[in-house]
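Nothing fancy with the numbering, it's 1 onward along the sequence.
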Amino acid sequence: MQISNLRHVDDFATIIADRCWHQWWTKTDVSLLDYSAGIKQMTVKSGIPIALVAHRASQFMGSVLLIENDLAARTQYSPWIAALWVEPEFRCLGIAGELIKAARKEASQQGFRTCYLCATDANSLYYLARGFAPVENNVSGRNIFMIES
């Protein structure tokens, strides 16, 4: 498995948009077409936002985004690790942890000392177990965490 910046493996843009939109955006006013356009922008722009892809050759395994903000109620925090996705058949193999590590490295290379993340109560223990520290609880229904990049 390798982790690549989407700019270098842009064929994965459609699948990332599909997985993320269906998981987190279907009940919003954002259309799949608009979400896909945002992901495709990450194939041509450098800097944040960044999409990182876990893959084995042309086989998509998972992805994560590093974005400026993931919670409108807390614009003072940046950057955010967001939209962490691992395909069901590849879960519990450490891929999510590797994607998080890659996102932290990208943030550090861009001069950020800290990364933020928001999670539901159900997912919060996962991030605590991986070294994330709580920042705030129940902000727009999410818990906010931080970790050094």
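Checked against salt bridge (charged side-chain N to carboxylate O under 4.0 Å, His left out), Arg74 has the following partners two or more places apart in sequence or in another chain: Glu136. With sequence neighbours excluded, no residue satisfies side chain to side chain contact (heavy atoms under 4.5 Å, CB included) with Ala37. For Thr75, the side chain to side chain contact (heavy atoms under 4.5 Å, CB included) partners are Asn69, not counting sequence neighbours. With sequence neighbours excluded, the residues forming a side chain to side chain contact (heavy atoms under 4.5 Å, CB included) with Ser31 are Leu33, Asp34, listed by chain and number. Looking at residues two or more places apart in sequence or on another chain, you find no ring pair (Phe, Tyr, Trp, His ring centres under 6.0 Å) involving Phe112. Applying the side chain to side chain donor-acceptor pair (under 3.5 Å) rule to Thr43 yields no partners; only residues at least two apart in sequence or on another chain are considered. In this structure Trp25 satisfies the ring pair (Phe, Tyr, Trp, His ring centres under 6.0 Å) test together with Tyr35, sequence neighbours excluded. In terms of the salt bridge (charged side-chain N to carboxylate O under 4.0 Å, His left out) criterion, residue partners of Glu98 (sequence neighbours excluded) are, by chain and number, Lys101. Partners of Asn143 under the side chain to side chain contact (heavy atoms under 4.5 Å, CB included) rule, at least two apart in sequence or in another chain, are Asp121, Ser124, Asn137, Phe145. Under the rule for a side chain to side chain donor-acceptor pair (under 3.5 Å), Arg91 has no partner lying at least two apart in sequence or in another chain.
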Identify every side-chain donor-acceptor pair in residues 3-11 under 3.5 Å, counting partners at least two apart or on other chains, and give the distances.
residue: Ser4; atom: OG; partner: Gln2; partner atom: NE2; Å: 3.3
residue: Ser4; atom: OG; partner: His55; partner atom: NE2; Å: 2.7
residue: Asn5; atom: OD1; partner: Arg7; partner atom: N; Å: 2.9

Which pairs would a plain distance check flag for residues 79-90, meaning a side-chain donor or acceptor within less than 3.5 Å of a matching protein atom at least two apart in sequence or in another chain?
residue: Trp80; atom: NE1; partner: Tyr77; partner atom: O; Å: 2.7
residue: Trp85; atom: NE1; partner: Glu87; partner atom: OE1; Å: 2.7
residue: Glu87; atom: OE1; partner: Arg19; partner atom: NE; Å: 2.8
residue: Glu87; atom: OE2; partner: Arg19; partner atom: NE; Å: 3.4
residue: Glu87; atom: OE2; partner: Arg19; partner atom: NH2; Å: 2.8

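Put simply, Leu99 and Ile16 are part of two different groups of oily side chains (I, L, V, M, F, W, Y) that touch within less than 4.5 Å, one to the next. In the hydrophobic clustering of ILVMFWY residues, with side-chain heavy atoms under 4.5 Å counting as a link, Ile50 and Met42 come out apart. Val53 and Leu93 fall into different hydrophobic clusters, where Ile, Leu, Val, Met, Phe, Trp and Tyr are joined by side-chain heavy atoms under 4.5 Å apart, directly or via other members. Cluster annotation: Val135 is not connected to Tyr126 through the hydrophobic network of ILVMFWY side chains, with a link wherever side-chain heavy atoms come within less than 4.5 Å. Both Ile144 and Leu65 belong to a common hydrophobic cluster when Ile, Leu, Val, Met, Phe, Trp and Tyr are linked at side-chain heavy-atom distances under 4.5 angstrom.
Looking at every heavy atom in both residues, Leu32 comes nearest to Ala17 through CD1-O, 3.9 Å. When all heavy atoms are compared, the tightest approach of Ala103 to Val64 is CB-CG1, 4.2 Å. Of all heavy-atom pairs spanning Cys115 and Leu66, the tightest one is SG-CD1, 4.4 Å. When all heavy atoms of Ser149 and Arg104 are compared, the closest pair comes out as CB-O, 3.3 Å. What you find for Leu71 and Ser140 is that their closest heavy atoms are CD1-CB, 4.1 Å. Across all their heavy atoms, Ala54 and Ile95 have their closest contact at CB-CG2, 3.8 Å.
Distance CZ/Arg130 to CG/Leu125: 10.0 Å, rounded to 0.5 Å. To the nearest 0.5 Å, atoms OG1 (Thr114) and CE (Met146) are separated by 4.0 Å. To the nearest 0.5 Å, atoms CG (Asp70) and CH2 (Trp24) are separated by 9.5 Å. With rounding to the nearest 0.5 Å, the separation of CD1 in Ile147 from CZ in Arg113 is 14.5 Å. Between the CD atom in Gln76 and the OG atom in Ser78 there is a gap of 10.5 Å [rounded to 0.5 Å].
Looking at heavy atoms from C-beta onward, Arg142 lies out of side-chain contact with Val139 at the 4.5 angstrom threshold.
No donor-acceptor pair under 3.5 Å is formed between the side chain of Ser63 and the backbone N or O of Leu52.
Other residues, nucleotides and ligands contribute over 12 non-hydrogen atoms within 6.0 Å of the CD atom of Gln110. When the shell of 6.0 Å around CD of Gln23 is examined, it contains more than 12 heavy atoms from other residues, nucleotides or ligands.
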